[in-house]
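Whatever order the structure lists ligands and atoms in, that order sets their numbers, starting from 1. One is the number of the first residue; the rest follow in order along the sequence. Excluded from the calculations below are hydrogen atoms, water molecules and symmetry mates; all remaining heavy atoms, backbone and side chain alike, are included. Keep in mind that this is a model prediction, so the values were computed, not measured.
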Amino acid sequence: RQVTSDASFHSVSFSETDHPKVLITGGLGQLGVGLAKRLRKRFGNNNVILSDIRKPPSHVFHSGPFIYSDILDYKNLREIVVNNRITWLVHYSALLSAVGEANVSLARDVNITGLHNVLDIAAEHGLRLFVPSTIGAFGPTSPRNPTPDLCVQRPRTIYGVSKVHAELMGEYYHHRYGLDFRCLRYPGIISADSQPGGGTTDYAVAIFHDAVKTGKFECNLKPETRLPMMYIDDCLRATVEMMEAPADTLSMRTYNINAMSFSPEELAQEVQKQLPDLEVTYDIDQVRQAIADSWPMNFDDSNARNDWGWKHDYDLPELVQTMLNYIGSDSR
Ligand code: AKB
């Protein structure tokens, strides 16, 4: 039993030989179901609990433990952690960049107040806590090409502000209370069987579905808008690898990770190599464009590569091939 430096937080550390018992919040978003699948393979079905405030589709409900959890309800969250002897918490609940701008007060509640609940419960119960951050944690005054781990971070979205807050609070709790806080700044994540909800990088998922279904795609960002991106398998593998990395390999607690960078026109050209009849038009969403123009164009993830061996598998050609194979076979 390890007692942290502050008397109000007692952390009960789990033996490294035990499987972790994982709770994933915001589990029905773009990443939760895929992460649960991966972790369940590794640690056993019953050791990974997905949670959300929405009703799960039946394939999710029948694939492993699912529980209602509202991160804004401190008691509810604490009860789940205690009753299930949770040791790892992956905190995926958040409003993304574009939807956050449309609902600032909800984004503030979920992304900031929710995080406070999660941090306190994680510190109190000695959990290893993963919170994703994002390229959106940078802003127009950050170096954009490339963006290093440590530089000016003055984002102009509530999403970005809340993620900088999460990075700083997590690191503060780490230094102050010994919380095992781990954070990766994700680029735009591209997935075939789950949809992103309300982000600026969503076009890079929608193009594949529209290309296969209608042969037409209307893009809401300008053709030359370059952003860092990653295929979901790389993202989930990075997350598991960082969660499992021995603490002494982590020289920092918040790392950039990246795979590739492209613009809508470059992505469209790569898709057109497979589907030459695809027609792409542009109708710019001013909110998303302003956000994208303030974000990194290239992401420097050399610290993740050096410290814990991060390496991506998918570049643009493999990404496009994999997405089209998946969506194409699904629509037949
Ligand atoms: C968004 O576009 O808001 C997210 C992100 C890059 O964090 N996909």
Q | Check ion pair Glu167-Arg253 (N to O, under 4.0 angstrom) | A | no
**Q.** Listed partners of Asp285 passing side-chain hydrogen bond (donor to acceptor under 3.5 Å, both in side chains), at least two apart
**A.** Arg288
Q. What residues, two or more places apart in sequence or in another chain, satisfy side-chain hydrogen bond (donor to acceptor under 3.5 Å, both in side chains) together with Gln269?
A. none
Q.
Any carboxylate oxygen within less than 4.0 angstrom of a Lys/Arg side-chain nitrogen, looking at Arg237 and Asp313?
A. yes
Q: Evaluate the ring planes of Trp295 and Tyr159, with Trp represented by its six-membered ring, and classify them as parallel (under 30°), tilted (30 to 60°) or perpendicular (over 60°).
A: tilted
Q) What residues sit with at least one heavy atom under 4.0 Å from ligand 1? A) Leu96, Ser97, Thr134, Ile135, Tyr159, Gly199, Thr200, Thr201, Trp295
Q) Taking only residues two or more places apart in sequence, or in another chain, which ones meet Gln289 in a side-chain hydrogen bond (donor to acceptor under 3.5 Å, both in side chains)? A) Thr225, Asp293
